[in-house]
Amino acid sequence: MIHLRWWPMHADPQDVLYARFKAAIAAAFPDAPDADPMIAESRSAEHGDYQCNAAMPLAKRIKSNPREVAKLLVSKVDLSDIAEPLTEASIAGPGFINIRLRPEALATMLGAMDAPGLGVAPAAPALRVVVDLMGVNLSKQMHVGHLRSPVIGDAIARTLERLGHSVIRQNHVGDWGLPIAMVTARLQRLAAMGKINLDRLTLDDLDRAYRDAQAECQRDSAGLAAAQRFGLGPKALAELEEQVAGATEAFLSARETLIRLQQKEPATFAIWQRIADVTMKVCLDTCRRLHVNVTSEHSAGESSYADELTPMVAELQARGIAEPDQGALVVRLDDPAYGSIKEPCLVRKTDGGYLYATTDIAAVRRRVQKFHADRVIYVIDARQNLHLRQVFGASQRAGYAINPVTKAPALLEHAAFGSVLGEDGKPFKTRSGESVKLADLIQETVDRSRAAVMSRSPELSGDEAAAIAEGVGITALKYADLCNDRQRDYVFSFDRMLAFEGNTGPYLLYALVRIRSIFRKAAERGVDDAWMSTTLSIVEPAEKSLALRLLKYPSTLGQVATHLEPHRLCQYLYDLAGAFSVFFDRCPVLQAEPAVREARLRLCDLTARVLADGLAVLGLPAPERM
RNA sequence: GUGCCCGUAGCUCAACUGGAUAGAGCGUCGGCCUCCGAAGCCGAAGGUUGCAGGUUCGACUCCUGCCGGGCACGCCA
């Protein structure tokens, strides 16, 4: 019989069982050596800890009885060192093989996991991954709609980094095009008239200027046409004509400004730069406050692609990839190789201008050709799905998505997420229908968090409480977002995210803080650190389920990385915190006799480290106490 | 009209991507602090997984058709 030795790096029982059953299948069924062992965690404790579900598909494949197949597997597989002996009673239902791990084996595997890396093996091969996780627009206040992308994107980026991949974050700043030119033109005019001081600009000023500029340029020609059609009086018509003339004037001025910007004409460019500085300062401050790892070095604005567009589109046209259509230039994508997309991707307008798709194609090109990305992840609103599929298809058709080093196609993925809804199920807005400023949202979360912390822990000083409330609030806010399946819309609720109980950020922090408290108490009572080198032992059921949960950590990170779903890690941490809470309830640590105490201290320490690591991977700050 | 996403306990969400009796939290009811932090633990009640078919040993999961909701569909970004 083939006996695969597992080595200490493999702390995950599922991996070990996989290898053992793989060997058993090869030995028992030479005709089907490639069959999947199908090892899964058991749902309920009655069915053991793990189960092998390979017998059913295997039986079908070789046209045999599943229970007979299971019997043969049970007789061939060698689990003597890790599991309780398998018998016919281990076979249940149509052919499930139930496995109960031996406590000593769990202790050994935990020991293997108890290393700085917590059992997480570095990815092989390590990939280069670009994560597009933010796209603020210059001159616009950040609002709720800007929350999910950096929160989810940063969690994904951190997960990939934790697994040893090389991650390049990208903040795809909307800093170019006619809208920005409109604001620039307006500010230039206001400054010239002395109505605004450019040195003292705030984002609120800019936000107002943005709206005014939009309105100014759009005062609408549609309205004039309607007025003429409905035969309004000459006076009304004259007023409207005047408005439209004004709008046209503002519009033309914006276009001229755009041209001056493209030429980097100093006076105009300086104003644009000022707008960028003011906006980005607020954006990056917000990221810092949210514990989102996005800094100035991750900024890759649309403006940085501006000079590449003309030559790129010319090339696409020359190669016949882009073709004229009704005066515009499009890339057709109806071929299955490019996604079978009926709607062609528009890359140049009739007036010669470019679109955001054009910039996004240039971005794929830079990310793969220059940064050598193996994988590019777009953490963007689900509504952009068609747009992104078009960009991906066009980039693939152009050959821009082939990694120049590996010659393999880069994986282009849209990690789509749903909208933030209010408790009424409609898009989250203020009572007056305005969009909620992100800064206000964060502040309100932290304020509520402070009230909660102060009522729970009145002994804390004001400063301490404030510092803790900040971290707890940020964790609550981000966790509420991360713990749902990204794809779905989610309902925003201050009350729920900061709830004292249930699946929330504070619950996880509370579990961690309680463990840390044990160690503080231990130090106070003069308990030495002999536990660090003690032998782990798993005896009580609560210890066992905690151990089983701990051992799932590395594979959970792997799942998050492949599916780009941080909520799996949230669920894991919630289960881990739950398993710890039960352990905490049933298994006294400091009061136990020394040998037991030491083993439990080590188990607590490992739990704390996994919890802390998981929280860090999600980008959630954790306090020492709360 | 076409395409994408979603529909699971009263509410908010899971379900290891085809596995056993669909799980948590909130809310409701009932227990547990002279004992390491009760933001905790234990128990009870609550389901025809939108509907109808199909695929198979086995379906919340895959396929088809309906119903209901959201979103997107060339010269805005």
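Residue numbering restarts at 1 for every chain, and letters A, B, ... go by the order of the sequence lines. Remember, it's a predicted structure, so these values are computed and weren't measured experimentally. The figures here come from the full heavy-atom set of this structure, side chains too, leaving out hydrogens, waters and symmetry mates.
Under the stacking criterion of a centre-to-centre distance below 5.5 angstrom and an interplanar angle below 30°, A:H387 is not stacked against the six-membered ring of B:A72. A stacked arrangement is assigned to A:F96 and the six-membered base ring of B:A20, with a centre-to-centre distance below 5.5 Å and an interplanar angle below 30°.
Pair assignment for B:U56 gives none, since no Watson-Crick or G-U wobble pairing has each distance under 3.5 Å. Nucleotide B:G3 is matched to B:C71 when pairs are restricted to Watson-Crick or G-U wobble geometry with both distances under 3.5 angstrom. Under the Watson-Crick or G-U wobble criterion, with both distances below 3.5 Å, B:A15 has no partner in any strand shown. Under the Watson-Crick and G-U wobble criteria, each requiring two contacts below 3.5 Å, nucleotide B:C36 is left unpaired. Nucleotide B:C66: paired with B:G50 (Watson-Crick or G-U wobble, both distances less than 3.5 Å). Base-pair partner of B:C41: B:G31 (Watson-Crick or G-U wobble, both distances under 3.5 Å).
Across all strands shown, A:L355 has heavy atoms under 4.0 Å from sugar-phosphate atoms exclusively, and none from any base. A:D575 comes within contact range of no nucleotide atom at all, as no heavy-atom separation falls under 4.0 Å. Across all strands, A:Q51 comes closer than 4.0 Å to base atoms (heavy-atom distances). Using a 4.0 Å heavy-atom criterion, one finds that A:A92 contacts the bases of the nucleic acid, with or without backbone contacts as well. No engagement by A:A382 is indicated, since no non-hydrogen atom pair under 4.0 Å with the nucleic acid exists. Among the protein residues, A:E41 comes within range of the nucleic acid bases, having at least one heavy atom under 4.0 Å from a base atom. When heavy atoms are screened at a 4.0 angstrom cut-off, A:E46 is found touching base atoms of the nucleic acid. Counting any heavy atom pair closer than 4.0 Å across all strands shown, A:Q487 reaches sugar-phosphate atoms only and no base atom. Counting non-hydrogen atoms under 4.0 angstrom, A:R586 reaches the backbone sugars and phosphates but no base. Using a 4.0 Å heavy-atom criterion, one finds that A:Y354 contacts the sugar-phosphate atoms exclusively. At the heavy-atom level, A:F584 lies under 4.0 Å from base atoms of the strands shown. A:P588 comes within contact range of at least one nucleobase, with a heavy-atom separation under 4.0 Å. Across all strands shown, A:V491 has heavy atoms under 4.0 Å from sugar-phosphate atoms exclusively, and none from any base. As judged by a 4.0 angstrom heavy-atom cut-off over every strand, A:V582 is placed among residues touching the sugar-phosphate backbone only.
In this structure, the side chain of A:N98 does not engage the main chain of A:Q51 through any donor-acceptor pair within 3.5 Å. Of the possible polar contacts, one joining the A:D351 side chain to the A:G353 backbone as a donor-acceptor pair under 3.5 Å is found. In this structure a side-chain-to-backbone donor-acceptor pair under 3.5 Å is present from A:T556 to A:K552. Within the 3.5 Å criterion, the main-chain N or O of A:M454 finds no donor-acceptor partner in the side chain of A:S457.
Comparing the same atom, C1', in B:A22 and in B:U48 gives a spacing of 13 Å after rounding to whole Å. For the C1' atoms, the distance from B:C67 to B:U28 is 33 Å, rounded to whole Å. Comparing the P positions of B:U21 and B:C16 gives an interatomic distance of 16 Å, to the nearest angstrom. B:G3 and B:U17 have their C1' atoms separated by 24 Å, given to the nearest Å. B:U12 sits 33 Å from B:G54 when the P atoms are compared, rounded to a whole Å. With both ends at atom P, the span from B:C66 to B:C11 equals 28 Å, rounded to whole Å. Between B:A15 and B:U61, the two C1' atoms lie 10 Å apart (nearest whole Å). If you take atom C1' in B:G47 and the same atom in B:G31, they sit 26 Å apart, rounded to whole Å.
Regarding A:I341, its CD1 atom lies at a distance of 14 Å from the P atom of B:G74, rounded to whole Å. In this structure, A:H567 places its NE2 atom 12 Å from P of B:C6, rounding to the nearest Å. Here the P atom of nucleotide B:A77 and the NZ atom of A:K349 are 5 Å apart, to the nearest Å. Protein atom CZ of A:R389 is 6 Å distant from nucleotide atom C1' of B:C4, rounded to whole Å. Atom C1' of nucleotide B:C60 and atom CZ of A:R488 are separated by 12 Å, given to the nearest angstrom. Separating the OH atom of A:Y507 from the P atom of B:A24 is a distance of 12 Å, rounded to the nearest angstrom. The distance from atom CG of A:L512 to atom C1' of B:G40 is 15 Å, rounded to the nearest whole Å. The separation between A:N484 atom CG and B:C6 atom P is 14 Å, rounded to whole Å.
Residues A:T350 and A:I518 each lie close to RNA chain B; by heavy-atom proximity, the contact nearer the 5' end of the strand is made by A:I518. The residue among A:R568 and A:G93 whose nearest nucleotide of RNA chain B is located toward the 5' end is A:R568.
Residue A:R514 has a polar side-chain atom (N or O) positioned under 4.0 Å from OP1 or OP2 of B:A38. For the OP1/OP2 pair of B:C26 and a distance below 4.0 Å, the side-chain nitrogens and oxygens of A:R496 include no atom meeting the criterion. For the pair A:K342 and B:G74, the criterion of a side-chain N or O lying under 4.0 Å from OP1 or OP2 is not met.
Taking 3.5 Å as the limit, the base of B:A20 and the side chain of A:N98 contain a donor-acceptor pair of atoms between them. Taking only distance into account, the side chain of A:S581 never meets the base of B:G40 through a donor-acceptor pair shorter than 3.5 Å. A donor and an acceptor atom never sit less than 3.5 Å apart when one is taken from the side chain of A:E302 and the other from the base of B:A77.
Nearest nucleotide to the A:K552 side chain, out of B:G74, B:C16, B:C57: B:C16. Of the candidate nucleotides B:C75, B:A38, B:C73, B:C75 has the atom nearest to the side chain of A:L346. Distance from the side chain of A:M56 is smallest to B:G19 among B:G19, B:G74, B:C36. Set against B:C57, B:A72, B:G37, the side chain of A:L386 has B:A72 as its closest nucleotide. Considering only the side chain of A:V330, B:G74 comes nearest among B:G74, B:G19, B:A77.
Rounding to the nearest 0.5 Å places CD1 of A:I474 at 10.0 Å from CG of A:L620. Rounding to the nearest 0.5 angstrom, the gap separating the NZ atom in A:K140 from the OH atom in A:Y210 is 4.0 Å.
Between A:W272 and A:T184, the closest heavy-atom pair is N-CG2, 4.2 Å.
In B:U17 the O4'-C1'-N dihedral to the base is within 90° of 0, which defines a syn nucleotide. Base orientation of B:G74: syn (glycosidic angle within 90° of 0). B:C33 adopts a syn glycosidic conformation, its chi angle falling within 90° of 0.
At a threshold of 4.5 Å between non-hydrogen side-chain atoms, the residues A:L601 and A:I518 count as touching.
The pair A:D325-A:R332 meets the salt-bridge criterion, since a charged nitrogen lies less than 4.0 angstrom from a carboxylate oxygen.
The residue from A:R549, A:E540, A:R600 that alone fulfils the side-chain contact (heavy atoms from CB on, under 4.5 Å) condition with A:F583 is A:R600.
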